[in-house]
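What follows is a short report on a single structure.
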Amino acid sequence: MKSPEWLETLNPQQRRAVEHRDGPLLVLAGAGSGKTRVLTRRIAHLIEVHGVGPSEIVAVTFTNKAADEMRRRVDQLISDTEAASRIIISTFHSLGARLLRNHAHLAGLDWGFSIYDATDQKRLISDVLDRMNKASDRAAVRHHQHYVNGRKNRGQTPMEAMEQAYNAASEENAEFYRTYQNALRDAGAVDFGDLILQPLRLLREERGFADRLSRLWKFLLVDEFQDTNPAQYEMLERLTATHNNLAVVGDDDQSIYRWRGADPAHILGFEEAFDDVEIVKLEQNYRSTGLILDAANDVIAQNQRRHSKQLWTDRPDGEPICVFTGRDDREEASWVAEAIFDELRKGAEPEDFAIFYRTNAQGRLFEEQLRQYGIDYRVVGGTSFYDRREIKDVLAYLRCALNPRDDVATARVINTPRRGIGKKTLEKLRAATTVDGIEHLQDAAEFVDETTGGDQPALFGIQSANPAEQEVLDALESLRGRPKGGISRFLQILEETRDDLMHFESLADVVERLLERTDYPAFLESSEPDDAADRLRNIFELINAIEQFEQDPTTPQLIDEVRQSISDEVDDPLVTADASLRLRGFLDRSALVSQAEEADDEQGAVTLMTIHGAKGLEFDTVFVVGMEEDTFPNLRDDDPEELAEERRLAYVAITRAQNRLFITNARRRRIYGKTRNTEPSRFLLDINPERLRLDPRSSTTSIDYAASRRHSAKKRHSRHSTRSAASSSWSFDQSSGGTSKSDDGFNQTPSHWDGDEAFSQDVDVQVYDDGDAGADSTSKLVGSTVSHSRFGVGKVLDVSGSGDRARLTIDFATVGQKTVIRKFLKVLG
DNA sequence: GGCACACGAATTTTT
DNA sequence: TTCGTGTGCC
């Protein structure tokens, strides 16, 4: 077999990683060093040069985005598309789901088990707490969720948690874990943590399971290895125990999921944990300019515990990093929008720009401003598609149909749309689930449904010797009228949907009939007229996604696997129906994919996302916004590990930029509706100022604007003013270009921005005066950017007259040229 | 049982 | 600011 020609395009280290065949391989891949390139080529190389079977290769990633991207790139490298489709490329969680789905019986699960997402999990936790007569308020739910997930991330079963309990409180937690786990099992469901933990248990306990898998899967590759949690790590160990063909790629500097249980110790200690580890360091960065890389290094250098590596580039320095400090968060956003607007005018493409923020909430302002400027954008992440109420409702119906034990799903939709089953009735149903023979809400519902009102015996002829239980049953039997009718109707809908599953080829058709049957669109229309159209559109998108899933080339294989695993033990036609199996697959997918694949609109839009979402991506021009203390870093307590992780996050953000990097912040920011003064992020101050350039339109003359505030605060208290020594950072002097602010449209505020003292006064007393035109010399406005409440943003072409009544000819981004009276305009800059 | 309203609380990041 | 939960009324 001859080497493929692309081998020549790799640098020596990359090539070493690609050509390595057997045994453990650790690739320490700095940002932008061609990590994905190495992984994808390694896969191709294994197949085409070493003759490894495609289905013997398993590549694991953490996000669906990364998995999709890898799949795409592998497809490009391997000409045999059928072979390429047999390579398993999936996230850890999808892989776990697949293992469980195919071995449900081994894991003690029903074939149709549900996957609970974080929201479902919370609901169940709350129910369990109620049943245990414990507080079930938000904080308690959060605490227990955190606890359970923490145990599962560490690979601990309830029993192990109990064994490790060291005091009353931890015993109580472990006891809760046990009860919760039983409840999950009762509901025929698994949570996210189980997708790793349950397969892991099989690997530990089922003789031959690990052996079988390691014969099947001979080469494992793991992307973003720094993000593995202990459970995932153990899973990898067990899967590769017989052959040790484990290739991991990662960068300890980009470990940003500690809060989710990721432990960088795995990558830091990989060399010791396995024998004869081949180590490859990829240190050449191909992505960023010299200055951007230097800035990233300035920031990350402050972290202690790191693999030693020296990221370098032979690219030129490039432009200095542009820093802008707005007077408030709104101005920050509008400055960013305008900067992009200007670049677009010069011919840049929207998809070259990305705005990264620390928390999703920050995105809103940028959306607003981009809209003002008529710039197309796409928001990645945020409230994910599958988290939307209407989507969860529809999926809950499907889950109910497939898994009658799924009480969380049942409770969600039994009265959606409203059909007369209120809190009281639901309580009665719930109370009955403790009676023998009625384990689940749907059982209780059927009990009611079959109780025809006296002459016929109740379902199962259930009677209880226990008076309390009998009381519960009596309460159910006494239901009449709307509640009872609603319950019957609900069961009928499920029954008909199950029937459809058995008789319809297309899952999309089944869902459409479900919508009709529930009259869901009308329900949307009546309950929230304003959003109904949007929500309905989302539902159509869901149907679309289902159709796509049904046509996906990898779907048949998935279905076959499940079919094989259940065929010999189940002969329920509902279970074995094609549509059911596909529905099962689709539900798994939707539980594990946080966002609707928006592969469609990559082009023509500016990208907005959190920094977490940005990992693994790159853009020509990057705006890292909200660079302030308390926003970024966003620290809960003063745990140094937490700070280190925030720092890595900053490193990730900076290293996404190829050619231009903008860092912005605001001196005042609204948080929870309250306005607060801010301080510049320590990460910004860690960057050597020689690499930075402060934009002259900033509301400050120093990047370390808080230093001047501290400085003058000091001055107020002591007669001998000293230069602030509080900051350990380099001092920055804006040597030139310190413009007066008289012509920037904010000149209703006296121009007193030059000295620290005046600046600090400004911070204390200045109130942003929005929209008041004042009596500026209007002739100066030609060329400046203005905004209008209806027309959005535009550039001033011409001015006639003066003062408020002046008539301005403006080229608006959205509507073209208009003439508008001065007083209806807001000058932006 | 359903609805409207008020109040209160709370906010990282994601599989 | 926005969300969700709790209360009171029809």
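Just so it is clear: chains get the letters A, B, ... in the order the sequence lines come, proteins before strands, and each one is counted from 1. What you are looking at is a predicted structure, and each value in this text was computed from that prediction instead of being measured.
In this entry the distance linking NE2 of A:H146 with P of B:dT14 reads 17 Å, nearest Å. If you measure from atom CG of A:L643 to atom C1' of B:dT13, you get 16 Å, rounded to the nearest angstrom. If you take NZ of A:K615 and P of B:dT13, they are 16 Å apart, rounded to a whole angstrom. Rounding to whole angstrom units, OH of residue A:Y386 and C1' of B:dT14 are separated by 16 Å. For A:K424 and C:dG6, the NZ to P distance is 15 Å, given to the nearest whole Å. Counting to the nearest Å, the P atom of B:dC7 and the CG atom of A:D137 are 22 Å from each other. Whole-Å rounding puts the A:D329 CG to C:dT1 C1' distance at 11 Å. One interatomic measurement links the two molecules: CZ of A:F523 to P of B:dG2, which rounds to 11 Å at whole-angstrom precision.
A:S94 comes within 4.0 angstrom of no nucleic acid atom, judged by non-hydrogen atoms across all strands. Using a 4.0 Å heavy-atom cutoff across all strands shown, A:Y257 reaches sugar-phosphate atoms only and no base atom. In this structure, A:R648 reaches neither bases nor backbone, as no heavy-atom distance under 4.0 Å exists between it and the strands shown. Within 4.0 Å of A:F62, counting heavy atoms only, lie sugar-phosphate atoms of the nucleic acid but no base atom. Using a 4.0 Å heavy-atom criterion, one finds that A:K674 contacts no nucleic acid atom at all. Among the atoms of the strands shown, only primed sugar atoms or phosphate atoms (P, OP1, OP2) are found under 4.0 Å from some heavy atom of A:N360.
Here A:W259 lies parallel enough and close enough to stack on the base of B:dT13, with planes under 30° and ring centres under 5.5 Å apart. Judged by centroid separation below 5.5 Å and plane tilt below 30°, A:Y672 stacks onto the base of B:dT11.
The six-membered or imidazole ring of A:Y257 lies near that of A:H612, with a centre-to-centre distance under 6.0 Å. Checked against the 6.0 Å centroid criterion, the rings of A:F523 and A:Y520 qualify as a close aromatic pair.
Annotation: of the two residues near DNA chain B, A:I421 and A:I256, the 5′-most nearest-nucleotide partner is A:I421. Each of A:R364 and A:K423 was matched to the nucleotide of DNA chain C holding its nearest heavy atom; the match closer to the 5' end belongs to A:R364.
The side chain of A:R142 approaches B:dT11 more closely than any other nucleotide in the set B:dT15, B:dT11, B:dG1. Distances were taken from every side-chain heavy atom of A:N634 (C-beta onward) to each of B:dT13, B:dT12, B:dG2; the shortest belongs to B:dT12. Listed nucleotides B:dG1, B:dG2, B:dT13 differ in distance to A:R418; the shortest reach to its side chain belongs to B:dG2. Considering only side-chain atoms of A:R482, the nucleotide from B:dT12, B:dG2, B:dT15 that sits closest is B:dG2. Comparing atom distances between the A:F192 side chain and each of B:dT12, B:dT15, C:dT2 picks out B:dT15 as nearest. Considering only side-chain atoms of A:R138, the nucleotide from C:dG4, B:dG1, B:dT14 that sits closest is C:dG4.
Distances shorter than 4.0 Å separate some side-chain N or O of A:T610 from OP1 or OP2 on B:dT14.
Distance noted for atom C1' between B:dT12 and C:dT5: 23 Å (whole Å).
Judged by distance alone, the side chains of A:Q226 and A:D252 never bring a donor and an acceptor atom under 3.5 Å apart. Side-chain contact check for A:N538 and A:E390: at least one donor-acceptor pair (N or O, by modelled atom type) lies under 3.5 Å.
Using a 4.0 Å cut-off between charged side-chain N and carboxylate O, A:R371 and A:E368 make no salt bridge.
Screening A:N229, A:D194, A:T157 for a side chain to side chain donor-acceptor pair (under 3.5 Å) with A:K152, the sole residue that qualifies is A:D194.
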